Protein chains: 2
Amino acid sequence: MRNISKEDYLSAIYKNIDSNSKVKANVIAEKMDVSNAAVTDMLKKLAKESLIIYEPYKTIKLTPTGESYAKNIVRRHRIWELFLHQIVGLPWDKVHDEAENLEHSGSDELINRMEVMLNFPEFDPHGDPIPAIDGSIPKQRDSVSLSKLKEKECGLVVRVNDFSQNFLVYLAQIGIELKQKIEVKEIRSFDNSMLVLIAGNEFNISKTLADNVFVEIVKN
Amino acid sequence: MRNISKEDYLSAIYKNIDSNSKVKANVIAEKMDVSNAAVTDMLKKLAKESLIIYEPYKTIKLTPTGESYAKNIVRRHRIWELFLHQIVGLPWDKVHDEAENLEHSGSDELINRMEVMLNFPEFDPHGDPIPAIDGSIPKQRDSVSLSKLKEKECGLVVRVNDFSQNFLVYLAQIGIELKQKIEVKEIRSFDNSMLVLIAGNEFNISKTLADNVFVEIVKN
DNA sequence: CTTTTATTTTAAGTTAACTTAACTTTGTGA
DNA sequence: TCACAAAGTTAAGTTAACTTAAAATAAAAG
């Protein structure tokens with residue numbers, strides 16, 4: 001490895017694959033904070049290396065090679081995240097940015113060693129699955145956005161969908177973390193904010209916040 | 001940070017400063033495996049940023065800013081090395097290459113956290129001193145190259161001067177590691193190889209090997 | 001079905017970090 | 001002390017990864 005930029009594009013493509021395994025160049029440009037033209041440029045290079053299937057104006061698809069390549073980068077990223085959180089004790093709102101830098105470094109041997117130390121973990125600190133070395137991906141529990149719950153329903157947090165400091169620090173403040181139980185007490189129809197019960201305390205949370213927290217519905 | 005190349009040049013300059021705090025561009029080019037012209041190019045850029053003092057055909061000097069910058073990179077590298085060795089359990093012949101990639105990543109916060117985990121270590125796995133966050137450098141014990149010892153003299157290994165896999169793996173095989181006691185039994189004057197006693201076993205080692213192992217002389 | 005809007009591509013140009021080749025300066029050894 | 005090799009610099013060119021602006025295509029909306 002040493003193709004930091006290519007690796008970034010590939011994993012961005014991988015992460016933005018929708019249900020039909022199609023990606024819009026548009027979205028990549030935004031996520032990577034570069035111009036559309038830069039994306040087009042890179043797509044040509046990736047296609048030349050048979051990592052993606054690309055024809056002008058068509059949506060982007062990963063080849064099997066490209067996909068396994070991308071999966072490996074995601075694997076590195078998520079193992080780093082968990083390692084930093086569990087072994088080094090970095091708070092969960094810091095691990096994403098840190099791992100963003102580290103994911104391109106570290107030999108496969110190092111990554112595998114960390115995986116062993118972590119006892120072959122299945123999910124990173126945000127609840128996202130960690131691809132195994134053979135490319136298999138742990139199955140996630142069925143989950144829905146917290147904002148989809150009705151009044152009186154309960155959920156266990158299984159994943160969050162926003163890795164920004166602000167967001168995660170606030171979640172930690174009100175006690176939202178993985179495996180935490182949340183009960184919806186009331187929903188205010190005018191702005192879809194909700195009153196929720198978390199570990200015995202009530203909080204009012206916005207629709208935007210609830211949209212980004214995913215829960216597994218459970219009986220209360 | 002994000003100036004990987006500049007950081008590499010700076011730390012290469014720092015590490016190659018001789019007793020008069022002068023560095024030859026020549027040496028840098030070789031260590032970095034680039035052309036002399038590339039070095040000249042970069043020197044101009046570093047000078048423009050006041051990180052070095054540079055005039056054509058003169059030897060290179062670091063400014064105070066440049067030096068503290070460089071020291072910080074060395075610090076990162078050596079903390080990574082020790083962390084990988086002690087916490088992750090990577091063998092000592094692997095840590096240098098791995099740290100070479102990691103030294104440019106990781107926030108200062110992460111580096112400091114690792115330093116705490118390691119209990120403010122003074123030396124890396126090769127015996128080199130780790131600059132503290134304030135720039136101070138632990139004093140090394142007086143040491144001489146093993147090849148300087150006379151017959152019957154004894155030394156404790158305090159540092160090695162070559163980080164290549166081959167070299168370090170071989171050292172490990174014959175039992176040479178930091179703090180290991182070595183006794184010189186015989187010196188063969190025709191090739192300066194020596195017969196040494198290490199943990200009860202005798203080995204014949206070449207002058208080249210002995211040159212790269214540094215010991216503190218002790219009574220036997 | 002045509003027009004408008006959104007998305008994507010092409011074209012031309014920039015910057016950082018290199019290269020090789022030719023030139024200049026420095027310092028060494030007979 | 002001076003010739004010449006070693007070290008260092010300059011000049012010109014390359015490549016990867018970008019940029020902006022203009023042109024082309026696709027998608028949506030009347």
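Below, chain A is the first sequence line, B the second, and so on; all start at residue 1. Please read these numbers as outputs of a predicted model, since none were measured by experiment.
For the pair B:Asn3 CG and C:dA16 P, the computed distance is 10 Å after rounding to whole Å. Rounded to an integer number of Å, the gap from CG of A:Asn36 to P of D:dA22 is 16 Å. A:Ile28 places its CD1 atom 13 Å from the P atom of D:dC18, with the value rounded to the nearest Å. Rounded to a whole Å, the CG atom of B:Asp41 is 14 Å from the P atom of C:dT20. One can place CG of B:Leu43 at 11 Å from P of D:dT10, the figure rounded to the nearest angstrom. Between A:Asn26 atom CG and D:dA28 atom P there is a gap of 13 Å when expressed in whole angstrom units. B:Asp33 has its CG atom 8 Å from the P atom of C:dT19, to the nearest Å. If you measure from atom CE of B:Met32 to atom P of C:dC18, you get 6 Å, rounded to the nearest angstrom.
Other residues, nucleotides and ligands contribute more than 12 heavy atoms inside 6.0 Å of the CG atom of B:Asp191. Counted within 6.0 Å of CZ on A:Arg188, heavy atoms from surrounding residues, nucleotides or ligands total more than 12; the atom is thus considered enclosed.
Among C:dT19, D:dT10, C:dT8, the nucleotide with an atom closest to any side-chain atom of A:Ala25 is C:dT8. Of the candidates C:dT7, C:dA17, D:dT9, C:dA17 carries the atom nearest the B:Lys6 side chain, counting heavy atoms from C-beta on. When each of C:dT19, D:dT9, D:dC18 is scored by its nearest atom to the side-chain atoms of B:Pro56, the top-ranked nucleotide is D:dT9. Residue A:Lys45 has its side chain nearest to D:dA17 when only C:dA21, C:dC18, D:dA17 are considered.
Dashed line: the shortest gap from a side-chain N or O of A:Tyr9 to OP1 or OP2 of D:dA16 is not under 4.0 Å. Regarding contacts with the backbone of C:dC18, a side-chain N or O of B:Ser5 is found under 4.0 angstrom from either OP1 or OP2. A close approach under 4.0 Å does occur between a side-chain nitrogen or oxygen of B:Ser35 and OP1 or OP2 of C:dT19.
Between B:Tyr57 and A:Met42, the residue anchored nearer the 5' end of DNA chain D, judged by the nucleotide with its closest heavy atom, is B:Tyr57.
The side chain to side chain donor-acceptor pair (under 3.5 Å) test with A:His126 singles out one residue from A:Glu81, A:His96, A:Arg159, and that residue is A:Glu81.
The aromatic rings of A:Phe83 and B:Phe83 stand perpendicular to each other, their planes meeting at an angle above 60°, with 30° marking the opposite boundary.
Contacts of B:Lys44 with the nucleic acid, taken as non-hydrogen atoms under 4.0 Å apart, involve only primed sugar atoms and P, OP1 or OP2.
Within the 4.5 Å cutoff, the side chain of A:Asp162 has no heavy atoms near those of the A:Leu209 side chain.
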